[in-house]
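Just so we're on the same page: letters track the sequence lines, and every chain starts at 1. As a basis for the values below, the full set of heavy atoms in this structure was taken, side chains included, without hydrogen atoms, waters or symmetry mates. Just so it is clear, the model here is predicted, and its values are computed rather than measured.
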There are 2 protein chains.
Amino acid sequence: MNASQRLESLFARLKERGHRLTPQRAAILHALVEHPGHPSVEELHRQLLHSFPSMSLATVYKTIAFLKEQGEVLELGFGEAGCRYDGRRPEPHPHLVCTRCGAIRDCGPQEDRALRAMLLELADHAGFSLDHHRLDLFGLCPNCRKAS
Amino acid sequence: MNASQRLESLFARLKERGHRLTPQRAAILHALVEHPGHPSVEELHRQLLHSFPSMSLATVYKTIAFLKEQGEVLELGFGEAGCRYDGRRPEPHPHLVCTRCGAIRDCGPQEDRALRAMLLELADHAGFSLDHHRLDLFGLCPNCRKAS
DNA sequence: TTCCGTGCAAAGAGTTTGCATCTGT
DNA sequence: ACAGATGCAAACTCTTTGCACGGAA
């Protein structure tokens with residue numbers, strides 16, 4: 001599913017629920033889905049100010065909350081200083097976080113199947129159902145490894 | 001390594017570094033290591049007030065920060081409202097979080113080896129070194145499954 | 001006696017909320 | 001026109017910090 005398809009389907013859901021498609025909302029959705037990395041709220045807001053000089057941080061927060069509900073964005077809760085978001089792959093997937101430079105890299109989807117199986121097994125052992133998960137790996141990125 | 005051994009070795013490290021072994025510190029260490037669950041800072045503080053009616057939250061935070069440095073406690077960063085801590089198994093391990101009642105359960109160490117192998121592989125694929133990780137599974141605990 | 005630790009209060013950061021105004025539909 | 005969205009500022013929560021006093025070594 002590409003970005004414009006996702007935007008379209010999301011807009012449809014917005015309408016269904018009696019929500020409005022404001023220019024700000026469209027811009028936030030767009031920024032999230034198009035962003036290649038893992039932006040913070042501040043980052044998104046700063047970026048959005050270019051096209052909407054009066055856009056408030058609160059609006060960004062509110063819209064992101066809505067998108068989380070809709071499963072259109074993944075919230076990454078590490079970073080210790082503000083959440084980061086992933087609008088491109090909203091389903092949970094592992095992230096690699098460099099403890100030196102702070103870079104965040106997605107893990108490829110190669111091992112997804114094996115990982116899912118393992119997580120299901122873990123949950124099952126304890127009698128839990130599994131809804132979603134979070135997996136973050138911390139270490140040094142290739143650059144910082146070289147530098148050390 | 002049992003609780004009293006850990007306390008002892010930690011006390012030794014404190015001394016080495018020129019740190020003091022105050023009654024408050026001992027109490028915080030003790031409370032963390034003895035706690036069977038995943039207490040929040042507030043919870044620990046409340047509990048500690050019984051024996052130290054004047055103990056401040058700041059002291060608990062400061063001491064926990066020190067213990068994190070020392071690798072004596074694991075910080076669990078979910079919960080959206082305050083971190084939780086695990087003083088019994090300071091090494092990273094999976095946690096199951098009930099999205100209804102908030103219960104937090106440790107995963108058993110059964111699959112530890114397979115999991116570690118998988119995480120190392122994930123990190124390696126991206127050229128990262130692996131220092132530590134965090135794995136949280138969200139779903140319904142057995143009780144809440146029954147109730148639903 | 002000397003620092004380190006403590007406790008208090010104030011400061012900080014990130015996020016949420018209340019409310020008047022504005023605007024899609 | 002009406003319900004929902006926006007923007008602003010204030011409020012809130014968790015955590016950290018500054019500083020004077022107190023206590024372990």
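- Protein atom CD1 of A:Ile64 is 14 Å distant from nucleotide atom P of C:dG14, rounded to whole Å.
- For A:His35 and A:Tyr85, the gap between ring centers reaches or exceeds 6.0 Å.
- You'll find a donor-acceptor pair under 3.5 Å spanning the side chain of A:Lys62 and the base of D:dG7, going by distance alone.
- In this structure, the nucleotide among C:dT25, D:dT15, D:dG22 sitting nearest to the side chain of B:Arg20 is D:dG22.
- If you chain together hydrophobic residues whose side chains sit under 4.5 Å apart, B:Leu135 and B:Val97 never meet in one group.
- Of the residues in residues 22-59 of chain A, A:Ala58 come within less than 4.0 Å of DNA chain C through at least one heavy atom, sorted by number.
- In this entry the distance linking CG of A:Leu21 with C1' of D:dT6 reads 14 Å, nearest Å.
- Nearest to the side-chain atoms of A:His19 among the listed nucleotides D:dA5, C:dT17, D:dT15 stands D:dA5.
- Rounded to 10 degrees, the angle separating the terminal axes of the helix from C:dT1-D:dA25 to C:dT25-D:dA1 is 30°, with each axis obtained from five end pairs.
- Mapped onto DNA chain D by nearest heavy atom, B:Lys15 and B:Ala65 fall at different nucleotides, with B:Ala65 at the one closer to the 5' end.
- When the P atom of D:dT15 is taken as reference, atom CG of B:Leu76 falls 12 Å away, rounded to whole Å.
- Aromatic pair A:His45/A:Tyr61: ring centres not closer than 6.0 Å.
- Shown here are the salt bridge (charged side-chain N to carboxylate O under 4.0 Å, His left out) partners of B:Glu121, two or more places apart in sequence or in another chain: there are none.
- No donor-acceptor contact under 3.5 angstrom links the side chains of A:Asp112 and A:His93, judged on distance only.
- Residues A:Leu115 and A:Leu76 are members of separate hydrophobic clusters, defined by side-chain heavy-atom contacts under 4.5 angstrom among Ile, Leu, Val, Met, Phe, Trp and Tyr.
- Here B:Asp86 does not pair with B:Arg84 in a salt bridge; the nearest charged N to carboxylate O distance is not below 4.0 Å.
- Going from atom CG of B:Leu67 over to atom C1' of C:dG5 covers 14 Å, rounded to whole Å.
- Because its NZ or CZ atom is both nearer than 6.0 Å to the ring centre of A:Phe66 and within 45° of the ring axis, A:Arg25 counts as a cation-pi partner of that residue.
- Ion pairing of A:Glu72 with A:Arg13 is present here, as a side-chain N (NZ or NE/NH1/NH2) and a carboxylate O approach within less than 4.0 Å.
- Between the CZ atom of A:Arg17 and the P atom of C:dT25 there is a distance of 16 Å, given to the nearest Å.
- Phosphate proximity of D:dT16 to B:Tyr61: absent, as no side-chain N or O sits under 4.0 Å from OP1 or OP2.
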